[in-house]
Amino acid sequence: MVKILEGIGCPYCGCSCDDVRVVVSDDGKKILEVENACAIGTEIFLQATNHERITRPRLRQPDGSFSEISYEEAIDFAAKAILNAKKPLMYGFGSTTCEAQRAAAQLMEIGCGILDNCASICHGPSLMAFFDNGHPTCTLGEVKNRADVILYWGANPVHAHPRHMSRYAIYPLGFFKGNGFTERTVIVVDPRKTDTAGVADYHLQIKQGHDYDLLNAFRMVLYGYESDIPEMVAGIPKQSILEVSKILKGAKFGVCFFGMGLTHTDGRNHNVDIAISLMRDLNAVSKWSIMAMRGHFNIAGPNRVWCWTYGFPYCVDLTKGDYAHMNPGETSTIDLASRDEIDLFINIGTDAAAHFPIDAVKKLKKHTWITIDPNVSMAAEIADLHIPVGISGVEVPGIVYRMDNVPIQYRKVIDMPEGMLSDEEVLTGIANRLEELILEKAKICSPDSSEPISLESVICT
Amino acid sequence: MISQRTLTMITHRSIEEGIAMEKGKQSREYFDACSVIEMNDLDMLRMGIEEDSPVRVVSECGEVVVTAIIGIQELPPGMCHIRQGVWANQIVPIRTQSTGVPQYSGFPVTVTPAPELQVRSARDLICESVGMWREDGENS
Ligand code: SF4
């Protein structure tokens with residue numbers, strides 16, 4: 001008899017849809033059908049059991065080939081690499097659970113390295129703007145039940161978050177919005193006529209990279225300086241700006257969702273900063289919230305976990321040993337790579353080789369590169385050591401933060417292939433081994449010491 | 001006819017890329033989804049670029065050969081788009097404006113027809129960049 005699992009969470013994008021129905025074969029080994037998920041979500045479940053998996057770690061040999069090793073050997077290799085590195089960096093975590101992110105924090109604390117996550121190359125500037133200017137936000141449930149104006153700025157949910165509009169923002173029938181999309185006005189700001197712009201009531205086809213100007217123009221209208229606005233701002237006629245301003249002001253509950261259109265282009269955090277300021281101004285006359293369209297699966301998770309651990313969401317520098325600090329531009333992965341400061345790179349739950357500019361990949365690959373990931377990604381292909389792990393959200397249960405920072409408990413759908421470990425188990429294993437190695441080294445350095453040596457006293461010395 | 005012109009490049013996600021990525025970065029689907037440059041049709045006409053033909057895209061920090069197509073999501077003249085992934089990242093400038101985020105969008109590129117060149121696989125591009133490429137094709 002096949003098993004039907006209801007209320008399963010999808011491990012692909014920040015929407016964290018937790019209403020997926022999965023049909024599993026009677027031996028519990030194969031996913032047969034997926035319902036309710038979008039095309040991408042369906043693919044991720046089907047692919048989990050559809051192809052030959054690498055189930056044991058692989059170590060690069062002198063001739064360039066990979067040879068299979070045991071998990072114990074892989075853990076030992078990784079622990080020694082961290083011990084010998086001056087500035088190790090662990091980066092990624094988009095596809096890991098919060099439990100693994102906590103284990104990673106513990107490991108890098110012992111290893112005195114740097115912890116960074118994919119926010120560093122996507123919504124990092126948004127987090128910087130939240131520090132500077134606050135973050136008036138809400139949950140997606142509130143959007144569904146109350147929102148009457150939806151503003152997508154530099155975001156294209158049809159492609160990046162396929163169920164965002166149908167599950168949360170535009171089409172669902174909410175408690176106070178019983179007629180769904182007929183009661184909502186949708187505004188899209190994007191330089192392209194994206195598929196999202198295609199369903200909008202208003203599409204402002206902004207000139208690429210001029211978001212700050214347009215946001216400023218809206219603020220000028222709110223402050224009563226509309227006569228000073230030129231006839232055209234950022235490629236948008238003044239008339240459209242005034243028309244849309246009226247809708248923004250008249251919203252009962254508006255929500256601005258913004259994406260990479262603000263953070264990947266000139267201005268970065270300053271674009272988000274002024275978007276927040278616009279929300280603050282709008283809140284004097286109506287009610288508005290703002291939310292980052294967090295991209296991948298549990299990408300919001302490390303920000304939460306490391307904030308409660310260290311007070312910093314990403315770019316966490318633990319190399320000083322007894323305190324953490326964060327300074328994007330200095331302790332961010334791409335900047336560290338471009339200055340060639342890193343001598344050990346651990347890629348976990350992401351594919352840095354495919355998603356970093358190639359110049360950064362070249363610099364990082366000059367040194368030892370370890371990849372911890374279920375898939376044979378590009379980062380696994382070029383690694384010196386590839387440790388495969390169970391797929392978080394499919395084979396490994398755990399906590400995941402949705403884009404609105406609501407934690408969701410993900411359940412296990414199928415078992416990992418026999419003998420495999422989860423990323424949390426691998427990270428904890430490396431941390432335990434590293435502890436042993438550090439204490440061994442301390443004993444060798446001071447053989448006559450009669451006092452028992454504590455880990456704290458020798459870390460980072 | 002101008003065969004070379006500076007365009008503004010943006011690199012973003014697409015659903016085709018999302019689905020293909022789950023099939024694997026070495027799959028035919030990923031190659032088809034991400035090794036294309038989407039352009040404005042008038043720009044293509046002006047620049048003598050035929051649909052579905054290889055073009056050489058050069059930025060301040062590198063170059064890549066991709067297949068030119070008319071934007072599936074319409075682009076204004078002067079703008080082009082390569083979906084995020086291996087091909088786009090061959091030309092993305094590493095500069096971060098001190099934020100950690102490279103210049104994924106809004107950087108100048110030149111695009112020229114290159115019918116004689118071949119679009120290379122994701123694995124070849126990466127392996128060659130990091131010095132792991134072997135001519136016999138046994139990249140490892
Ligand atoms: S919208 Fe995102 S979370 Fe929801 S099913 Fe699609 S990929 Fe999965």
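We name chains A, B, ... by the order of the sequence lines, and we start the count at 1 in each one.
- With chain B as partner, the option from A/E43, A/M128, A/K207, A/R192 having the largest number of non-hydrogen pairs under 4.5 angstrom is A/R192.
- What you find for B/N89 and A/A354 is that their closest heavy atoms are ND2-O, 2.6 Å.
- When heavy atoms are compared at a cutoff of 4.5 Å, A/Q205 approaches chain B solely by way of its side chain, counted from C-beta outward.
- Between the side chains of A/D335 and B/T96, a donor-acceptor pair is found at a separation under 3.5 Å.
- Between chain A and the residues B/E16, B/E74, B/R13, the largest count of heavy-atom pairs under 4.5 Å involves B/E74.
- In terms of heavy-atom pairs under 4.5 Å with chain B, the best-connected choice from A/K362, A/Q47, A/H355 is A/H355.
- Counting heavy-atom pairs closer than 4.5 Å to chain A, the top-ranked of the candidates B/K23, B/M79, B/Q97 is B/Q97.
- Put simply, CD1 on A/I40 and CD1 on B/I15 are 4.5 Å apart, with the number rounded to the nearest 0.5 Å.
- With hydrogens and angles disregarded, no donor-acceptor distance shorter than 3.5 Å links the side chain of B/Q90 to the backbone of A/I358.
- For the atom pair CG (A/N156) and NE2 (B/H12), the distance works out to 8.5 Å, reported to the nearest 0.5 Å.
- Within 6.0 Å of CD in B/Q118 there are 12 or fewer heavy atoms belonging to other residues, nucleotides or ligands.
- When the candidates A/Q208, A/K193, A/R268 are compared by the number of heavy-atom contacts under 4.5 Å with chain B, A/R268 comes out ahead.
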B/Q73/A/H159 under side-chain contact (heavy atoms from CB on, under 4.5 Å): CA gap, chis, key distance, verdict: CA-CA 11 Å; B/Q73 299 179 81; A/H159 282 257; 3.3 Å; yes
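- Salt bridge present: B/R123 and A/E381 bring a charged side-chain N and a carboxylate O closer than 4.0 Å.
- Among the candidates A/D351, A/T333, A/V376, the residue making the largest number of heavy-atom pairs closer than 4.5 Å to chain B is A/D351.
- Rounding to the nearest 0.5 Å gives a distance of 12.0 Å between CD1 of A/I44 and CD1 of B/I19.
- Between chain B and the residues A/S120, A/A160, A/A119, the most heavy-atom pairs under 4.5 angstrom are made by A/S120.
- To the nearest 0.5 angstrom, A/T265 atom OG1 is 13.5 Å from B/Y104 atom OH.
- When each of B/E17, B/H81, B/Q84, B/R95 is checked for heavy-atom pairs under 4.5 Å with chain A, B/H81 comes out on top.
- For the residue pair A/D266/B/Q103, the side-chain donor-acceptor check at 3.5 Å is satisfied.
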